[in-house]
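Report on one structure; see the data block that follows.
Values below: all heavy atoms of this structure, side chains included; hydrogens, waters and symmetry mates excluded.
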Amino acid sequence: MNTASAPTTDEPCEAPLSALETVKALCAYVRPHRWPVALGLVCALVGAAGGLLQPLATKTLVDRLATGGTIAGILIALTVLVVLGTAVEAFGAYVLERTAESVVLAARRTLVGRLLRLRIAEWERIPPGDLMSRVTSDTTLLRAVSTQAVVSAATGAVTFVAAIVMMAFLDVVLLGVTLGVVVLVGGAAALVMPRIARATERSQEAVGEISVALERVFGAFRTVKASGAEERETAHVEAAARRAWRHGVKSAKWEAVAGSADELAVQLAFLAVLAVGGARVASGEIPVSTLIAFLLYLFYLIEPVSKLVDAVSHYQEGAAAISRIVYVERLSTEPPAQRKGALPRQGTGVQRPASVRFEDVSFRYRPALPYIHQKVGFEVPGAGMTAFVGLSGAGKSTVFALIERFYEATGGRVLVDGKDVRDWSLSELRSAIGYVEQDAPVLAGTLRENLLFAAPGATDDDIRGVLARTKLDTLVGRLPHGLDTPVGHRGSTLSGGERQRIAIARALLRRPRLLLLDEATSQLDAVNELVLRDVVAEVARETTVLVVAHRLSTVTDADRIVVMDTGRVRAVGTHEELVVQDRLYGQLAATQFLVPTR
């Protein structure tokens, strides 16, 4: 668009999710994979059960040694427990890792689907690099919290309780000493968990800033080089990278504190139990085998406590990622395309040209901003060419945006074939329209892929015909691989005029009922512009063609010309009529040497 395009604004503030909202969002991701997660949990519990039985088996072994009994059977049982527990845990770990990847895949598919259906207004206010970071790095954090944190919390809690029960069975006094130390150290460690969440969220935001900065540079790579701005832009990206590093280090620091707390608790508890337990053994209150078994359970507590701490840490990290992902899921999107079986190839059969009518249309991007259109009204009855001219910022390109329903009219009605565009399904409306944007974007890929982008069912004969009409056959002839030659990122290997002709060919291949050309010949030389004018005139015999033009030479033969000024229609007529009747049009024509200066 020209200066009537939507203004850029900072990204709206994201309110963090509450703990309940975070858990609900997490459950929504895990629910489709609940059975694999349950299997992984069972495997983890089986492995934990084997570990829980080992201290009791050790106590029995020590008692047998004290009485002179055989210990071969106990050693075999211990070996079987170790091997079986390890095998089951390994299988469970594989199931969980596979499930975690499936959760990430599902989240990425959902996000990509929503991002590609975002309303234009939403897309314009959020940097694309930030949106991409939510699909990549944020979903990676979701991987750990969706399965590992859930299973670790469950197995850690169950095995912790089971170990406590076993320790109570052995000696209640030593259990009291253990719990006192664990609760004291664990309570102190819990204070750092919110710090992990804050640091992780800020780190992810900084990662998003890196993506935004790189997308900005790569989107104008030649301008950056021509301006000698490499070092400045490098410093800009490095500043975002340093912010990500700083918050990442802060998160790692608090994670290290939380991760070492469980070991510290067990070590302190070991010293306390060793002192109290040694005194109880010396006094004959408990046998030495009980003290050994209790100490083994105490060391066994390291694993479930560590799992609980890891689960909380992963949750704090994942909560920040979930909040950023859910924000994208709440953005306004267009309705999905309606698919009723296979769609026919565009352009088959005879299609009548579309009519267009604007009835007192007003439009502004947001309530606080000025109007772009003010009571705009005109009618295009059918086949033929209608041109929109006027000074920059008059609202010409916005006409096309409202027809395509990139935006909704603030007031009035936009009608296609006498039907309000809001009553059309988007897929049906847009399938009838061919649209060539002002900057004529060409996508990375081959020339053939670009031509077929809007009409995937077109035949080779269709392609050859449109190439000849747009004078692209000579370009194809000199490309090393013809139509299958890659055109580079954003068509970087092509000239501006070639990109425009490809965009026009892409639209014509669609055989639309309504063709929208927004400054479609601005980068063409005089010879190719004349050729394209003839092509458009030919298409206009059987198709409704709307053209936005600054160069009046391209539209002097239009059936009607709509002159726009500051969001209003000031005159409608032919070139000859407007030169005489409208002062603004006469001035535009005179400055472009189409008529003598008055």
Side-chain angles (χ1 to χ4, degrees), residues 1 5 105 108-109 111-118 120 122-124 126-137 139 207-208 210-227 229-230 233 237 328 334 337 346 404 406 430 434-458 460 462-464 466-467 470-510 517-520 522-524:
M1 297 183 191
S5 62
L105 173 62
R108 285 174 174 167
R109 291 178 62 185
L111 282 180
V112 170
R114 290 193 66 85
L115 289 178
L116 293 182
R117 288 190 292 110
L118 280 181
I120 294 291
E122 297 280 24
W123 173 80
E124 286 181 332
I126 303 175
D130 181 68
L131 293 176
M132 288 187 287
S133 74
R134 297 175 194 245
V135 177
T136 53
S137 61
T139 51
V207 170
I210 295 174
S211 299
V212 171
L214 287 174
E215 191 271 339
R216 171 176 175 267
V217 170
F218 293 144
F221 201 56
R222 294 185 181 183
T223 300
V224 170
K225 288 188 171 296
S227 304
E230 292 96 335
E233 292 301 321
V237 176
V328 174
E334 295 177 341
Q346 292 291 333
E404 284 272 13
F406 295 151
R430 291 175 182 170
Y435 178 44
V436 179
E437 299 176 57
Q438 194 172 40
D439 56 353
V442 173
L443 287 74
T446 66
L447 179 56
R448 184 191 302 274
E449 290 169 342
N450 272 278
L451 292 171
L452 294 176
F453 194 74
D460 288 343
D462 295 330
I463 295 175
R464 282 192 292 270
V466 80
L467 289 175
T470 55
K471 299 300 181 183
L472 281 170
D473 45 0
T474 54
L475 169 66
V476 175
R478 71 169 184 266
L479 293 176
H481 303 292
L483 287 172
D484 297 313
T485 303
V487 296
H489 177 62
R490 296 184 177 180
S492 59
T493 63
L494 304 170
S495 69
E498 287 168 343
R499 288 196 294 270
Q500 279 197 318
R501 279 185 285 159
I502 289 171
I504 294 171
R506 183 168 58 209
L508 294 178
L509 198 59
R510 192 176 176 85
L517 303 176
D518 191 353
E519 286 294 324
S522 60
Q523 299 187 54
L524 297 180

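- Between Ala503 and Val436, the closest heavy-atom pair is O-CG2, 3.7 Å.
- Closest approach of Thr136 and Arg108 over heavy atoms only: O-NH2, 3.2 Å.
- Rounded to the nearest 0.5 Å, atoms CG (Leu508) and CG (Asp462) are 11.5 Å apart.
- Between Leu451 and Leu467 there is a side-chain heavy-atom pair separated by less than 4.5 Å.
- Proximity of Leu475 to Arg478: side-chain heavy atoms (C-beta onward) are separated by under 4.5 Å at one or more points.
- In this structure, Val237 and Glu233 have side chains that are not in contact, with every pair of non-hydrogen atoms separated by 4.5 Å or more.
- Counting only heavy atoms from C-beta outward, the side chains of Leu494 and Gln500 never approach each other to under 4.5 Å.
- Taking both residues in full, the closest heavy atoms of Ala454 and Arg510 are given as O-NH1, 2.6 Å, listed atom of the first, atom of the second, then distance.
- Taking 4.5 Å as the limit, every side-chain heavy atom of Leu447 sits out of range of all side-chain heavy atoms of Thr485.
- Remark: of the listed residues Leu116, Leu115, Ile120, Leu115 is the sole one forming a side-chain contact (heavy atoms from CB on, under 4.5 Å) with Leu118.
- Shortest non-hydrogen contact noted between Thr493 and Pro486 is OG1-O, 4.1 Å.
- Residue Leu443 comes nearest to Arg506 through the heavy atom pair CD1-NH1, 4.2 Å, listed as atom of the first residue, atom of the second, then distance.
- Pairing each heavy atom of Arg448 with each of Ile463, the nearest pair is NH1-CD1, 4.2 Å.
- Once rounded to the nearest 0.5 Å, the distance linking CD of Glu122 with CD of Glu334 reads 11.0 Å.
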